[in-house]
Structures are given as structure tokens and as C-alpha cells.
Enquirer: 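One structure follows; several queries about it will come next.
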Protein chains: 2
Amino acid sequence: MPSEMNINICASVWLVEDNQHYRQTMVDLINQSQGLDCKYAFDSCEAAIEQMRTAEPPEIILLDIGLKGMNGVEGVKRFKEITPATHVVMLTIHEDSNLVFEALCAGASGYLLKDSSPERVIESVKEVLAGGAPMNAQIARKVVESFRQFNLPKGDYGLTEREKEILGHLVGGLSKKQIAEKLFISFHTVNTHIRNIYEKLQVNTRSGAISKAFKERLV
Amino acid sequence: MPSEMNINICASVWLVEDNQHYRQTMVDLINQSQGLDCKYAFDSCEAAIEQMRTAEPPEIILLDIGLKGMNGVEGVKRFKEITPATHVVMLTIHEDSNLVFEALCAGASGYLLKDSSPERVIESVKEVLAGGAPMNAQIARKVVESFRQFNLPKGDYGLTEREKEILGHLVGGLSKKQIAEKLFISFHTVNTHIRNIYEKLQVNTRSGAISKAFKERLV
DNA sequence: TTAAGAATAGCACGTTTGTGCGATTGAGAT
DNA sequence: ATCTCAATCGCACAAACGTGCTATTCTTAA
């Protein structure tokens, strides 16, 4: 009974950091903070992963991005595979945009500069618990722009609705005959639609049409 | 000569905002700020787009997200089509995550709460000029997570290097014969590789393989 | 040293595709 | 009232594809 009493009051935190001094400082800081409980601290991702085999995963992992052995970016990937619900916050010395950016792509929820004030550290952790993603404006911009790269260039080749529908079925892997059956139209009609699609997309194989459909976000 | 003298000193700003009072306040604020020059202010996206037909596009557009007529999200899309280099910062009253998020996807560089302090307004504009993306942690998290959705699920079907290479050529639209020529191997070998790819991906058509390659980010 | 797997190569045959020619119908625009 | 365009349907045929079997070489792991 006594041990289960505070699981909802305190958010559990794990720390992965190879500098022993900094590690102890952080553990103390976290444990002094109301609502946070640093259950374990490790000097490598491997050790933390090992601990996960037996212990309840934490709500938050603070993870040094520049570890020896398995580095921070790799670490995030592994942690998120094992326990997707756990938030990972990167600890970094300098704001190396690329590294932090990679970590975010790999599943990190935000990052924290190592020389942040104790107040800022605690604030960031609570920000993550509240559904936020602590990061600076430069990183945010990189993320937004990369995101846009995947989202925006929605090409328009003047496909009709019917053509888009049939293109969708091509992507779905159906043969002409199967499409005809599904749409209650003749095989020849499907054939005609497909030639028109090919002409508009400027391709002459199914593969080309499907690739274009994905690349230009037509589907 | 005199008119060209300050083009590199002052960043040009346009404002699109339908509340006349707030518009005037903002124009004054921007023009009082060193390094910023609010060249035009409009009460609709349509008016701003019209102006773009004749005037040099600005470096930054401050754009109300809740306009009548063409709304802010639509506006961003149009602006970025016309002048991709221009940064668009959304102006919003309440932090409606979804709307702001959409605007960011559509090309906005950040957003600004309308009740921000004058200092914060100017700071945000300069943040954008410096390559940042002003936004709060909640929005940042949404962006990161959406981004991850596109980036992460990199499936692994145990394809060998050679198979991945050939899958790439299938996506590229090459026929078996063309792949054989490109790789200096026999048609039959390509045939064998493709059957193995199909088996590993659990498909039995080229379309299926290509779709899977895109969906699972194998390429 | 043996087993497993990756890369290579081959043949046969039915199915599917891409493309050369058409055609008719109906809705909407000029 | 004419015209354009989307959607429908048709035939023929060469080329490409998918899949049933088999087989050799070389590397790497057990």
C-alpha cells in the first residue's frame, strides 16, 4: 500500500548522462522539485534499456545527446520502440541544430540546454508533461520546414474525379479487371481512363503513375 | 539613388488585418521599430495579392488568421505560391492549436498572439528574420509529432542491399530488361530478385511493391 | 566443415499491360 | 445551337509481367 500511494502524484523521471558530476546535480535538482521523482540515473543508453526489462518505464527520460556507445539519437529510437508513451527530452551542450533535429525526428519530445537554469530545467520537464515540446525558434523552424516538404507540394495534373479514383485503385494494387469489377464498369473503360491518366501524368507505365502519385501527393 | 539607399537596412513588412484600429496600432508599432518598415496594410488577402501584381513583395507578411473572405490559412498558401521567399507570420487572438497548425503546414513561419506586448511583437518579427519560427510549446509538439508520423515508421522487411537497389529501380519505373542492362546482370537474375522482393514484401504485383515501398518508407 | 544465404542464371507459359485505332452518350459552356 | 469534355465501351496485338521449377558460385556464420 505505501509504495503505490504516490504514483499519480509524482511523475517518474530517468536520467541518462555520462558525466557523473552533472548527473548527480540533475538527480538532486529533480528530486527536490515537487511532482518529479528521479527513479534511476544511468551513464549509458544500454544500461537504461537493460533496466527497462524489469522496471516500469518512466514518464520522462532526460537523455544526453552526446553519449559514447549508443548515442542519443539512436537511444531515442530504441526507447520509443520499447515504450512509446515515454517522453524523451534531449540534453545538449551546444545548440547543434542538426543533431537536435535528428533526435526530434527520431521521437524526442524536446530538448534542454545543459547550462539552463535549474528553473528552466524543471519548467521544460513540466512543459513536456503538459503536452508541450520545449525547443528554440531555430529548431522549430527547421521542423516546420521539413514537415512542409512532406506536406505541401500537392501537384495538380488536372485529373478528373473518376481518374483520381482509378489512380487510387492502381495504387491499391488492383488490376484493370479488378477495378472494372469494383466500379461496375467495363474493362475497356478502365483501360481508357488509365491511358488518360498516363497522358496527364506524362508516364507510360503503372509504376511511373504510382510513383508520381506518391511523390506529388496525388493520393 | 535616395530610394534604394535603405533597402538593405530596413526589412519590409506588410500587414493584413481587418480590424482598422488594431491595424493602425500595428503599423505604428512596426514603423517606430528600427530596421522594420511597414510598407502596406490591407484589410483582406485579396487586396494584398492584388498589390503583389505591381509592388515588390515584402520580406514579412503579418497575417490575421481569422479574416473574412479568404481566410488566413488559404492566404498563406496563396502568398507562398506567389512569393515563396516571403515569411508569413500569423496573427491570432486565441491559441487555437489546430488552426495555427494548419497555417504552419500551409507555409507560415510562426505565429503571434494579438495581445502580445509590443516588445514581443517586434521580437517575433526579428526572430523570423533571423531564421526562427516563433510559436509556443504546444504547437511545436503538434508539429513534431505530425512530422514524425511521416518520418518514423521505416519498415524493415529484411531486404538485401541488392534487393533494395532493384526496388529503387522499380520505383523509378524501369522494366526488368532495363534494370538488367543498368546493373550489367541477366534479365533472369533481375527476375529472381524481384520475386524475392515480392515474397518479402508479401505482394504479387509491381504496383503493390511500389506502394508498399512508399508507404513503409523503404525508398 | 557444413549449413545458410545472397547473388547469379536459366526455361516455359499463362496473364496482364500498354497502345494503335476507333465509337456513343450526356452535361455544361459559348 | 454548337462545341467541348467526361465517361462510357470496343478490338487487336506485341511487349512485359508473374510464377512454376531448377541450378551454380561465393561468402559468412555456426
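Proteins get letters first, then strands, A, B, ... in listed order; numbering begins at 1 in each.
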Enquirer: Whole angstrom is fine here: how far is it from CD in A:Glu163 over to P in D:dA6?
Expert: 7 Å
Enquirer: Do any side-chain nitrogens or oxygens of A:Arg195 fall under 4.0 Å of OP1 or OP2 in C:dT19?
Expert: no
Enquirer: Hunt down the Watson-Crick or G-U wobble partner of D:dG20, both distances under 3.5 Å, from any strand shown, or write none.
Expert: C:dC11
Enquirer: Once you apply a heavy-atom cut-off of 4.0 Å, does A:Tyr198 come out as touching a base, just sugar-phosphate, or nothing?
Expert: sugar-phosphate
Enquirer: Check the angle between the aromatic planes of B:Trp14 and B:Tyr40 and answer parallel, tilted or perpendicular using the 30° and 60° thresholds.
Expert: perpendicular
Enquirer: Rounding to a whole Å, what distance do you find between B:Lys176:NZ and C:dA9:C1'?
Expert: 14 Å
Enquirer: Test your reading of the model: is there a side-chain donor-acceptor pair from B:Ser109 to the backbone of B:Ala133, 3.5 Å cut-off?
Expert: no
Enquirer: How does each nucleotide of nucleotides 22-30 of chain C score, in 5' to 3' order, for protein heavy atoms under 4.0 Å: base (B), sugar-phosphate only (S), or none (-)?
Expert: ---------
Enquirer: If we ignore hydrogens and angles and just use 3.5 Å, is the side chain of A:Thr83 paired with the main-chain N or O of A:Phe79 as donor and acceptor?
Expert: no
Enquirer: Measure the distance from CD on A:Glu165 to P on D:dT8 and round it to the nearest whole Å.
Expert: 9 Å
Enquirer: With a 4.0 Å cut-off on N to O distance, would you call B:Lys114 and B:Glu17 a salt bridge?
Expert: yes
Enquirer: Considering just the side-chain nitrogens and oxygens of A:Thr160, establish if one lies under 4.0 Å of OP1 or OP2 belonging to D:dA7.
Expert: yes
Enquirer: Taking CD1 from B:Ile194 and P from D:dT19, how many angstroms apart are they, rounded to a whole number?
Expert: 11 Å
Enquirer: Over how many whole Å does the gap from B:Ile166 atom CD1 to D:dG18 atom P extend?
Expert: 13 Å
Enquirer: Check this for me: A:Glu199, atom CD, are more than 12 non-hydrogen atoms of other residues, nucleotides or ligands nearer than 6.0 Å?
Expert: no
Enquirer: Figure out the CD/P separation between B:Glu161 and C:dT8, and round it to whole Å.
Expert: 13 Å
Enquirer: For the side chain of B:Ser186, starting at C-beta, report the closest nucleotide among C:dG10, D:dG10, D:dT19.
Expert: C:dG10
Enquirer: Answer with base, sugar-phosphate or nothing: what part of the nucleic acid does A:Arg162 contact at a heavy-atom distance below 4.0 Å?
Expert: sugar-phosphate
Enquirer: Could you check which of D:dA6, C:dT16, D:dT8 has an atom nearest any side-chain atom of A:Lys177?
Expert: C:dT16
Enquirer: Going by the rule ring pair (Phe, Tyr, Trp, His ring centres under 6.0 Å), which residues pair with B:Tyr198 if we only count those two or more places apart in sequence or in a different chain?
Expert: none
Enquirer: Taking all non-hydrogen atoms of both residues, which atom of B:Ala106 and which atom of B:Val76 are closest, and how far apart?
Expert: O-CG1, 3.5 Å
Enquirer: Within the pair A:His188 and D:dT8, is there a side-chain N or O less than 4.0 Å away from OP1 or OP2?
Expert: no
Enquirer: For A:Ala213 versus A:Leu167, what's the shortest heavy-atom pair and its separation?
Expert: CB-CD2, 4.0 Å
Enquirer: Given that both distances must come in under 3.5 Å, which nucleotide forms a Watson-Crick or G-U wobble pair with D:dA1?
Expert: none
Enquirer: What is the distance from CG of B:Leu174 to P of D:dA16, rounded to the nearest Å?
Expert: 13 Å
Enquirer: Using a 4.0 Å heavy-atom cut-off, does B:Ser175 contact any base of the nucleic acid, only the sugar-phosphate backbone, or nothing at all?
Expert: sugar-phosphate
Enquirer: Taking atom P of C:dC21 as reference, at what distance in whole Å does atom CG of A:Asn191 sit?
Expert: 15 Å
